[in-house]
Amino acid sequence: MTTASISDLRHHVGEAVIVQGWVTHFRSSGRIHFIIVRDGTGVVQCVFKHDEVQEPLTTETAVTVYGEVRADARSPIGVEIAVHQLVVTGQSPDYPITPKEHGTDFLMGHRHLWVRSPRQAAILRIRAAIIRKARGFLDDHGFTVADPPIITPAAAEGSTTLFGIDYFGEPAFLSQSGQLYMEALAMALGKVYSFGPTFRAEKSKTRRHLTEFWMLEPEMAFVEFEENLSWQERLMEAIVSGVLQDCADELAVIGRDVVPLARVKTPFPRITYDEALERLATLGMPVAWGEDLGAPHETALAEQFDRPVFVTHYPTALKAFYMQPDPKRPEVVLAADLLAPEGYGEIVGGSQRIHDLELLQQRLHQHQLPDSVYSWYLDLRRYGSVPHSGFGMGLERVVAWITGLEHVRETTPFARTLNRVWP
RNA sequence: UCCUCGAUAGCUCAAUGGUAGAGCACCCGGCUGUUAACCGGGUGGUUGUAGGUUCGAGUCCUACUCGAGGAGCCA
């Protein structure tokens, strides 16, 4: 007798198999009983007689089922199992999560169990596929994965709040971006990317924010602004088309409308910050030049397009010190935010970096950042500096967009938010 | 940090200032094909905390705690 995964059962009709999993539902009609068993690959109904099992088969009881696979037109997966023997390997009295509705606080407090639900499992599989497709695309296009440190001595961008730690008596911080290190690695390896956790102690409490999130950060030597955008849109297209290909079942489980995703093809539209302001004025949402775009503005802009849209050439004063000003128009930078459709906001932020030593020092001073902290970063401009560009993709926001979720907290196994560090 | 809303059974929610209830979960019983099965019965409460008003507070008032949504900031 072979052990089979539930997703493979349709290839075993007529055979005796072993299925190991957890009970999600128990139903009975007199002498005939039905349990629904899930094993992480799918769910299957198992049928047995009244007196064959003595132990209670409550929700999430772990079971090993020995039985015969039978084709059955009534089954959603085409087969069910006629049970010969059913062994309880782990009881589950009073499982807290029921088939009825639950509130956010309760579910997040039981996240260690909530991940067992089909919807959550599907989301995590899609997350895995997004990671796989993103890394695959970059690996296939000459990028070298090279990860920056997570414990860092200083901020990449002075303004953002950092989580401080005690590093053997010295103050240190959890990384809020690996970008500066990625610039160093790009000078060594050409095209590089990192993929890892980043931390922001911002007191942001919205559907788009976590205090710990994963970021994909490519950095490319000899790549200027336009080519940077090209890499971003090709990466996003590869991710979305790859997920549509690999995750049809999971997208169906969570009820995602895939029509908008199928439209995500290059080239993505590009509008400048100036054009964005014009469009917003037309929409009755005027923004003064020099002010940043808020979440409602981003949503309104994104709604005008059927695929992600780049907003480029933001005012220099709004952006980080390392972004390259446009030589033809220094009051704006060669930076772009990629806004996702359907109100998911900024999913990628990128720019060409300043490669001129003097200009970079000038910008540091304008931001009142000390040269001493950035001495190694300035070395990159002292020794063989070249134009280079990079971007950061927020994984959880991409997952939220592709899965159509209301909130990023469900896009990661154990979300860390402003008010929650448990479980 | 600011704005808004909320907290009653394990869960989701009811309850004119006047006897705290329902559905689900769980337990017992019934049903030989159920699909969030169904039918009958049962267990289950310091109404977030502290104070106040009142003959009487889940309900009204004050403070606090916790949570949710949003703003700012960001990916």
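Computation of the quantities below employed the complete heavy-atom set of this structure, encompassing side-chain atoms and omitting hydrogens, waters and symmetry-equivalent molecules. Labels below follow one simple rule: chain letters A, B, ... track the order of the sequence lines, proteins then strands, and each chain is numbered from 1.
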Under 3.5 Å between N/O atoms: give me all the protein pairs with nucleotides 34-40 of chain B, atom names plus distance.
from, atom 1, to, atom 2, distance (Å)
B/rU34, O2', A/Arg27, NE, 3.4
B/rU34, O2, A/Arg27, NE, 2.8
B/rU34, O2, A/Arg27, NH2, 3.3
B/rU34, O2, A/Gln45, OE1, 3.1
B/rU34, N3, A/Gln45, OE1, 2.9
B/rU34, N3, A/Gln45, NE2, 2.8
B/rU34, O4, A/Gln45, NE2, 2.7
B/rA36, N1, A/Pro99, O, 3.2
B/rA36, N3, A/Pro99, O, 3.0
B/rA37, OP2, A/His25, ND1, 3.3
B/rA37, OP2, A/Arg27, NH1, 2.5
B/rA37, N7, A/Ser28, O, 3.3
B/rA37, N6, A/Ser28, O, 2.4

Any donor-acceptor pair under 3.5 Å between the side chain of [X] and the base of [N]?
X        : N      : result
A/Arg70  : B/rG33 : yes
A/His102 : B/rC11 : no
A/Thr98  : B/rG10 : no
A/Arg397 : B/rC74 : yes

Problem - Watson-Crick or G-U pairs under 3.5 Å in RNA chain B, rendered as dot-bracket with [ ] for crossing pairs and | for another strand - result: (((((((..((((....[..)))).(((((.......))))).....(((((..]....))))))))))))....
When the [atom1] atoms of [M] and [N] are compared, how many Å lie between them, rounded to an integer?
N      : M      : atom1 : result
B/rG58 : B/rC24 : C1'   : 22 Å
B/rU46 : B/rG21 : P     : 15 Å
B/rG23 : B/rG56 : P     : 34 Å

Which nucleotide, [options], lies nearest any side-chain atom of [X]?
X        : options                : answer
A/Phe106 : B/rG10, B/rC74, B/rA68 : B/rG10
A/Ile32  : B/rU32, B/rA71, B/rA68 : B/rU32
A/Arg200 : B/rA75, B/rG70, B/rC27 : B/rA75
A/Lys205 : B/rG70, B/rA75, B/rG10 : B/rG70

Practice task
Verify, without hydrogens or angle tests, whether A/Tyr344 (side chain) and A/Leu405 (backbone) share a donor-acceptor contact under 3.5 angstrom.
Solution key: yes
Practice task
Indicate yes or no: does A/Asp72 engage A/Arg70 in a salt bridge with an N to O separation below 4.0 Å.
Solution key: no
Practice task
Decide, applying a 5.5 Å centre-distance limit and a 30° plane-angle limit (both strict), whether A/Tyr95 stacks on B/rA25.
Solution key: no
With a 6.0 Å cut-off on ring centres, are [X] and [Y] close enough?
X        : Y        : result
A/Tyr273 : A/His313 : no
A/Tyr374 : A/Phe321 : yes
A/Trp231 : A/Phe143 : yes

Problem - Partners meeting salt bridge (Lys or Arg N to Asp or Glu O under 4.0 Å) with A/Glu237 (sequence neighbours left out) - result: none
Exercise for the section: Please examine the side chains of A/Leu107 and A/Gln120, heavy atoms only from C-beta on, and report whether any two atoms are closer than 4.5 Å. Expected result: no
Practice task
Using distance alone, with no hydrogens and no angle criterion, decide if A/Asp292 and A/Tyr314 have a side-chain donor and acceptor under 3.5 Å apart.
Solution key: no
